[in-house]
Structures are given as C-alpha cells and as structure tokens.
A.B. asks: 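Below you will find the structure I want to go over with you.
Below, chains carry the letters A, B, ... as their sequence lines are ordered, and counting in each starts from 1.
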Number of protein chains: 2
Amino acid sequence: MGENGGRRVRVDAQRNIDALLDAAKVVFSTSGVDAPVREIAAKAGVGVGTFYRHFPLRSDLVTAVFRREVDACADAAPALAAEYEPGEALSRWIYRFTDFIATKRGLAAALHSGDPAFNVLPDYFLQRLGPALGGLLDAATAAGAVRAEVSPQDLLYAVSNLCISGEDGGNHGRRMVALLIDGLKYGAMKTS
Amino acid sequence: MGENGGRRVRVDAQRNIDALLDAAKVVFSTSGVDAPVREIAAKAGVGVGTFYRHFPLRSDLVTAVFRREVDACADAAPALAAEYEPGEALSRWIYRFTDFIATKRGLAAALHSGDPAFNVLPDYFLQRLGPALGGLLDAATAAGAVRAEVSPQDLLYAVSNLCISGEDGGNHGRRMVALLIDGLKYGAMKTS
DNA sequence: GCTCTTCTGGAAGAGCGTTCCGCTTCTGCG
DNA sequence: CGCAGAAGCGGAACGCTCTTCCAGAAGAGC
C-alpha cells in the first residue's frame, strides 16, 4: 500500500507525467490553478485523455505540482549549505523560498477553498520546509551570522505573510523579506 | 447620476428583478454562489436573456442579493424593538442575524475571492448592521437586561465567527450563540 | 519476433456562460 | 379608447469547458 500496487510505470507514461507536471507548473503561474485542462495538456504535448489517465481529479494535479515544488525548495537547502557559508546560504534559501511563495498566489486561494483534497498540503509544507530551514538556521546561528531566537516556523510564516499582501509583482514582498534578513543579521551583530 | 438615468422601470421588469432576486437567494443557499445562471432564471420563471438584461455581471446579482438580505436583517431590528421588550428583542434579532450568517457560507468565500466587485460589501455590512444592533443593545442595556461593555461590532464579529466554524448545519453555531446571549444576560445580573 | 498489457490521442457527450434578435408587453399620448 | 414606439422578454445558438471512452500505438516480458 502506498507504493504503487507492485506494477512498474511504463517509461513513456512517466515521461508524460513529468511533462504534464512541468507544463502545469508554468500554466498555473500564468493562468492560475483554474486553467483549462486542454491548455496544460497541449503545453505538455499530450492529449487530454492522457491527462485524465494520470490525474483523474483536478486536485491530484494541483497537489502533485505543489508537492513537487515544495520538494525542490526543500532540496535546495542542503545544496546551498554545501556551496555557501552559513549566513549566505540562509539568505539565498530565503530568497528561493520567497520566489516559491510569490508564484503561488492562486494556489493559496485553492488551499482555502475548503476542498478536503487540499487539507494535507499545509502539513506537508511545514514538515518538509521546517527542517530544511531549521538546518540552515542552526548552522547560521552556530556561525554567529544571525540571532538565535527565531524558529523555522516563525520565519516561514513571516515570509509567507510578507509576500501575500503586496500586489506589485512581488517586489514589495522581496523588499520586506530583505529587511527581515537584515534584521536577523543585525541581531547577531548586537549580540556579538 | 446614481439614480437610474431618469427612466422609470417598467412594472413587469421590476417584477422580474424581484423574482430573480428571490430565486437567487434560494439557489445560492442551496447550490452556492456558483450556481448555473439557467437554474436561477428557471426558478424565477424567466429566460436567461432577462437575467442578463438586469444583471450583466454575475457579481451584480451577488451584491444585489447580499444588500437585500442585509437590509432585511437591519430592518428587522426596529420591528422587533417595537414588538418585544428590550432584552427579548435583542435575543431575537441576534438569532435572526445568526440565520442570516448561516446561509452565507458560500458567499463568504466569494467575498474573499479577491474580486474587486465585492470590496464594498463588508463596509455595507458594518454600516447597515452596526447601528441596527447598536440601537437594540443600547435599549437592552438601559433596561438593565444585559451588561454594558460590549460594542455592536464585537458582537457582530463574534456571532459571525461562531457560525463560520461549525459544519453541522449550523446547530453548533446556534448553540454557541445561545451561550453568548446568556453571557450577556449573566453579566447584567451580576452587575445589578 | 510475438503477444499481452498499458498507454495514448482526440472525437464525442454533456454542461455552462453569454450574446443576439424577432416577438411581446407596457406606457404615454392623441 | 386605440395606437405608435420604446422597453423588455425568451430561448436558440455559439463558443468554451470538463470528462468519458475506445480503437489503435507503443512498451515489456518471453
């Protein structure tokens, strides 16, 4: 259970699933989560029949895209940690997260639409992103790059809220996030 | 400006407008605000052409129904005040308001949908209902039927929030509102 | 290479919003 | 009262959508 029933997925099918997911990601941010199925299928280069074979419910597609992007964002954390010093890795990841949020305006509305199919998404969001950010935060704190008294959740929510309000293409959000990051660093300077 | 351009509305047209509003009220609470236009028109006994003649934008219908019901609720206040003693009038009006809120689940979603056409509705809600409840509240306070330290807005919001949470057909909401009302009365007893 | 299974694509069915226009009904005036 | 002319009416028709379905194409295993 949970796996996939024991059957292997045929390679062409997997290719189409990936194409659909890629296309959906683009179309969602362009035309919103309510974009026509035909548009997504066309952009993926497949027929609508193929779409419905893999995503019988529209919400299946939405959750799949969402999880995929949350995963990508979470996976960026260790990569950045390996490449940059702790403070820099933290900043970069937060900006990465900001971009993620900025493209999810329509999706946020879907989340609050009351459809039970979306109830698990917020949990997934927190469980995946919380530890990712937590690792970076701990490292940066240990290195004395930022103040200590902020929890991953606090930061996640703060950035989310900062980006939801503005309507100027996300610039307001980005500027406010920059302020927040500077605040973290300033806190460390004061302490040291 | 604002009036209706100087033209009088033909009586048959007005009859149809009322029929549409009545039908929409019922259909909205049955099938939600996204109910098919055909369904509303059919229930009103008119063609879809008539519907679009009077409500070119779907949001026109929604706002019209909303205002109409807010008005009806507000107008109930003086009527109740005339018929019952202050404490009883207040209770009855709050239950009346509870029923109003209970049937607006779908509409609340529409309000937060971000459509600019709905931006004026919350203001209308407060400006119309605030004074209505305020009058009843003052009378009841003066008569020593309830405690004094509650504002109309507080009560309006409290009741709204109480009714939004429950999903059991509004019974949970009604019971919580009953508690709230008893709380008001208890406060008066303690004081007296 | 052959067969069996899975997957594919798009036609087709059903619904919905919206427009359009010939016909009906009302209103004001003579 | 009767008669234009304006206002309003209804619903067919169009275009777009979601969703289903199945004949044929494409992989997988032997």
A.B. asks: In whole angstroms, how far is the C1' atom of dC23(C) from the CZ atom of Arg53(B)?
C.D. replies: 13 Å
A.B. asks: Taking for each residue the nucleotide of DNA chain C bearing the nearest heavy atom, is the 5' side occupied by Arg15(B) or by Gly49(A)?
C.D. replies: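 Taking each residue's closest nucleotide, the earlier one in sequence belongs to Gly49(A).
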A.B. asks: Identify the nucleotide, in any strand shown, that forms a Watson-Crick or G-U wobble pair with dC20(C), with both distances under 3.5 Å; if there is none, say none.
C.D. replies: dG11(D)
A.B. asks: Measuring from the side chain of Val48(B) (C-beta onward, heavy atoms only), which nucleotide among dC9(D), dA12(D), dT8(C) has the closest atom?
C.D. replies: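 In terms of side-chain proximity for Val48(B), the closest of dC9(D), dA12(D), dT8(C) is dA12(D).
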A.B. asks: With a 6.0 Å cut-off (strictly less than), is the heavy-atom count around OH of Tyr157(B), excluding the residue itself, greater than 12?
C.D. replies: no
A.B. asks: Could you please name the option among dT27(C), dG17(C), dC7(C) that lies closest to any side-chain atom of Val11(B)?
C.D. replies: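 Out of dT27(C), dG17(C), dC7(C), the nucleotide with an atom closest to Val11(B)'s side chain is dT27(C).
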A.B. asks: Quick one: do Val26(B) and Phe100(B) end up in the same hydrophobic cluster if we chain Ile, Leu, Val, Met, Phe, Trp and Tyr together by side-chain heavy atoms under 4.5 Å apart?
C.D. replies: no
A.B. asks: Could you identify which residues of residues 16-38 of chain B place a heavy atom less than 4.0 Å from some atom of DNA chain C, listed by residue number, or say none?
C.D. replies: Ala35(B), Pro36(B), Val37(B), Arg38(B)
A.B. asks: Ignoring backbone atoms, test whether His54(B) places a side-chain nitrogen or oxygen under 4.0 Å from the OP1 or OP2 oxygen of dC9(D).
C.D. replies: yes
A.B. asks: With a 3.5 Å distance limit and no angle check, can you tell me whether Thr98(B) reaches the backbone of Ile94(B) through a side-chain donor-acceptor pair?
C.D. replies: yes
A.B. asks: Measure from CD on Gln14(A) to P on dG27(D) and round the result to the nearest Å.
C.D. replies: 14 Å
A.B. asks: In this structure, how many angstroms lie between the C1' atom of dG10(C) and the OH atom of Tyr52(A), rounded?
C.D. replies: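 Checked: the OH to C1' distance equals 13 Å.
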A.B. asks: What's the closest nucleotide to the Asp12(B) side chain, out of dT27(C), dG8(D), dG27(D)?
C.D. replies: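 So the nucleotide nearest the side chain must be dG8(D).
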A.B. asks: Distance-only, no hydrogens or angles: does the Arg15(B) side chain make a donor-acceptor pair with backbone N or O of Arg10(B) under 3.5 Å?
C.D. replies: no
A.B. asks: Between atom CD in Glu39(A) and atom C1' in dC16(D), what is the gap in whole Å?
C.D. replies: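 It works out to 13 Å between those atoms.
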A.B. asks: Using salt bridge (Lys or Arg N to Asp or Glu O under 4.0 Å), reason through Asp18(A) and Arg68(A) one step at a time and then give a plain yes or no.
C.D. replies: CA-CA 10 Å; Asp18(A) 290 340; Arg68(A) 205 189 203 213; 3.7 Å; yes
A.B. asks: Phe55(A) CZ to dT20(D) P: how many Å, rounded?
C.D. replies: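 Spelled out: CZ on Phe55(A) to P on dT20(D) is 16 Å.
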A.B. asks: Just N and O in the side chain of Arg10(A): are any of them under 4.0 Å from OP1 or OP2 of dT5(C)?
C.D. replies: no
A.B. asks: Think Thr50(B) has a side-chain N or O under 4.0 angstrom from the OP1 or OP2 of dG8(D)?
C.D. replies: no
A.B. asks: Within the side chain of Asp60(B), is there an N or O that forms a donor-acceptor pair under 3.5 Å with the backbone of Leu57(B)?
C.D. replies: yes
A.B. asks: For Val46(A), which contact category applies under a 4.0 Å heavy-atom criterion: base, sugar-phosphate, or nothing?
C.D. replies: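 Val46(A): backbone/sugar contact only, no base atoms under 4.0 Å.
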A.B. asks: Quickly work out the Leu57(B) CG to dG17(C) P distance and round it to whole Å.
C.D. replies: 14 Å
A.B. asks: To the closest 0.5 Å, what do you measure between CG (Leu21(A)) and CZ (Phe55(A))?
C.D. replies: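 With rounding to 0.5 Å, CG (Leu21(A)) is 5.0 Å from CZ (Phe55(A)).
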